[in-house]
Amino acid sequence: MSLCFELSDTQHMIRESIRRFAETEIRPLAGALSREERFSADLTRKMGQVGLFGMTVSEEYGGHGLDYVSYIIAVEEVARIDGSQAATVAAHNSLGIGPLQYFGNEEQKRTYLPRLCTGEHLWGFGLTEPDAGSDAGASKTTARKEDNGWSLNGSKIFITNGSSEVTLGNTVQAISGELPGGKKEMSCFLVENGTPGFEARTMHKKMVWRASNTAELYFDECRIGEAAILGKRGDGFKQMLQTLDKGRLSIAAMGLGCAQGAFDVALAYARERKAFGKPISTFQANAFKLADMATEIDAARWMLYRACWLLDQHQPFSRESAMAKLYCSEVAKRCADHCVQLHGGYGLLEEYEAERFYRDQRLLEIGEGTSEIQRLVIARSLGCFA
Ligand code: COS
């Protein structure tokens with residue numbers, strides 16, 4: 001068995017170019033956009049121009065035909081600078097484009113993917129509901145069969161990219177019927193923003209990712225055509241869970257990037273800031289914090305890359321994805337906390353990146369499956385409940 005953890009030249013090049021882009025184009029704006037809770041369509045377009053959307057989509061549909069490791073490195077590099085822009089990238093690629101890419105029919109792929117790979121348009125993923133988060137199967141939104149189509153009723157919440165000025169539509173999971181034995185039949189539907197009976201409202205005053213777009217979606221007798229069903233009727237729940245298996249890798253990448261970003265600013269600050277006549281990095285209490293951060297980041301990175309590599313090799317990766325998401329988000333939390341501590345009082349000020357890392361990491365243990373759900377997925381895979 002060969003054991004080779006070398007990144008390819010292309011993967012190194014992607015890291016370098018996205019890092020340069022994030023440092024020169026995102027960093028100067030990140031603080032102000034976050035303070036003003038402002039989503040930037042302009043920055044989204046620029047992220048499209050450097051190839052951040054449709055990274056794993058084949059070139060035939062307007063994508064870049066790259067592997068998952070490359071995509072995850074790109075998310076990591078954006079998150080190293082800013083959680084909000086990384087959220088836009090990760091959600092659009094994994095949850096917006098992903099279901100279309102993997103489950104869409106030829107016509108759906110040709111209609112939407114080329115437009116979604118440019119950065120001119122975004123697409124959301126409507127799964128979570130006010131009363132159905134971790135228990136995704138408890139969703140209540142319905143799709144009633146009618147002549148030549150469906151009528152949607154219900155609501156969704158916490159939908160990243162669901163209502164921005166450049167959002168083209170959302171994939172919406174709904175109960176489309178009843179199976180023998182009384183189980184719900186779930187299907188996914190492609191609903192364009194602006195469809196009568198569908199309203200997407202932007203959510204404000206978030207603790208995290210303030211410059212990303214988050215929406216509530218409302219459906220009131222929203223009529224959509226037969227062609228709006230994604231893939232096969234009744235496949236909705238599995239489509240969503242499969243999408244989340246992949247999506248969790250990009251949340252893990254956000255955790256890794258956040259941890260790396262917090263580490264980088266913490267190390268720079270600790271080497272510069274003096275106390276008792278010496279840089280504070282020379283005090284063992286602080287040096288050991290930095291050593292722990294570097295060690296955990298290294299472990300998180302290889303754990304995540306291995307999970308992505310499994311996916312690229314078409315091998316089972318659900319458990320590894322859950323492990324990576326769990327571990328990377330917890331490493332982000334510890335690194336952001338140490339980063340604030342090393343900054344002392346300055347770490348509590350909005351003008352320091354430490355404050356933003358500390359807030360932004362908090363979603364990572366919640367979104368796309370809480371840490372508790374990841375532990376459940378891992379424990380199930382170990383046969384704990386059999
Ligand atoms: N991929 C594809 N299918 C899967 C799957 C996966 N990862 N996990 C489970 N399934 C299938 C099961 O095989 C089962 O199929 P059958 O009905 O044919 O047997 C079906 O889906 C239902 O599975 P299960 O009984 O395990 O569903 P549960 O209701 O117990 O829920 C969890 C499973 C908790 C894992 C799921 O609801 C979940 O992931 N919740 C978190 C949702 C989430 O992350 N929300 C945040 C969204 S932010 S965008």
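Both ligands and their constituent atoms are indexed starting at 1 by order of listing.
The protein heavy atom nearest to atom 8 (N) of ligand 1 is L241 CD1, 3.4 Å. Here the protein heavy atom with the shortest distance to atom 48 (S) of ligand 1 is E368 N, 3.3 Å. Among protein heavy atoms, atom 43 (C) of ligand 1 sits closest to L244 CD1, 3.6 Å. Looking only at heavy atoms of the protein, atom 22 (C) of ligand 1 is closest to F237 CE2, 3.6 Å. Here the heavy atom of the protein found nearest to atom 47 (C) of ligand 1 is T128 OG1, 3.6 Å.
Annotation: the span from R15 atom CZ to T10 atom OG1 amounts to 13.5 Å, rounded to 0.5 Å. Considering OH of Y352 and OH of Y346, their distance stands at 6.0 Å, rounded to 0.5 Å.
Counting protein heavy atoms under 4.0 angstrom from atom 2 (C) of ligand 1 gives one or more. Remark: atom 18 (O) of ligand 1 lies closer than 4.0 Å to at least one protein heavy atom. Distances from atom 10 (N) of ligand 1 to the protein include at least one heavy-atom value under 4.0 Å.
Nearest-residue assignment for atom 15 (O) of ligand 1 (options Q374, R248, Q239, K238; heavy-atom criterion): K238. Within the set S94, G369, A136, S134, the minimum heavy-atom distance to atom 41 (C) of ligand 1 is found for S134.
Close approach of ligand 1 to G133 is summarised as follows: ligand atoms under 4.0 Å from at least one heavy atom of the residue are 42 (C), 45 (N). Here is the list of ligand 1 atoms found below 4.0 Å of a heavy atom in K183: 17 (O). Close approach of ligand 1 to F125 (heavy-atom distance below 4.0 Å) involves ligand atoms 49 (S). Residue-ligand proximity, Q242 to ligand 1, at heavy-atom distances under 4.0 Å covers atoms 1 (N), 2 (C). Of all the atoms in ligand 1, the ones that sit under 4.0 Å from a non-hydrogen atom of D245 are 1 (N), 6 (C), 7 (N).
With respect to L127, the side-chain contact (heavy atoms from CB on, under 4.5 Å) criterion is satisfied by exactly one of E368, Q239, Q173: Q173.
A side-chain donor from one of E221 and S151 sits under 3.5 Å from a side-chain acceptor of the other. At a cut-off of 3.5 Å, with distance as the only test, a side-chain donor of S164 or T167 sits close to an acceptor on the other residue. E353 and Y269 are not linked by any side-chain donor-acceptor pair at a separation below 3.5 angstrom, with hydrogens and angles left out of the test. Side-chain contact, E216 with Y218: a donor N or O sits under 3.5 Å from an acceptor N or O.
Cluster membership for L241 and M186, using ILVMFWY side-chain heavy atoms within less than 4.5 angstrom, is shared.
Here R248 does not pair with E320 in a salt bridge; the nearest charged N to carboxylate O distance is not below 4.0 Å. Under 4.0 Å is where a charged nitrogen must lie from a carboxylate oxygen, and between E355 and R35 no such pair does.
The closest approach between R380 and ligand 1 falls below 4.0 Å for a heavy atom of the residue.
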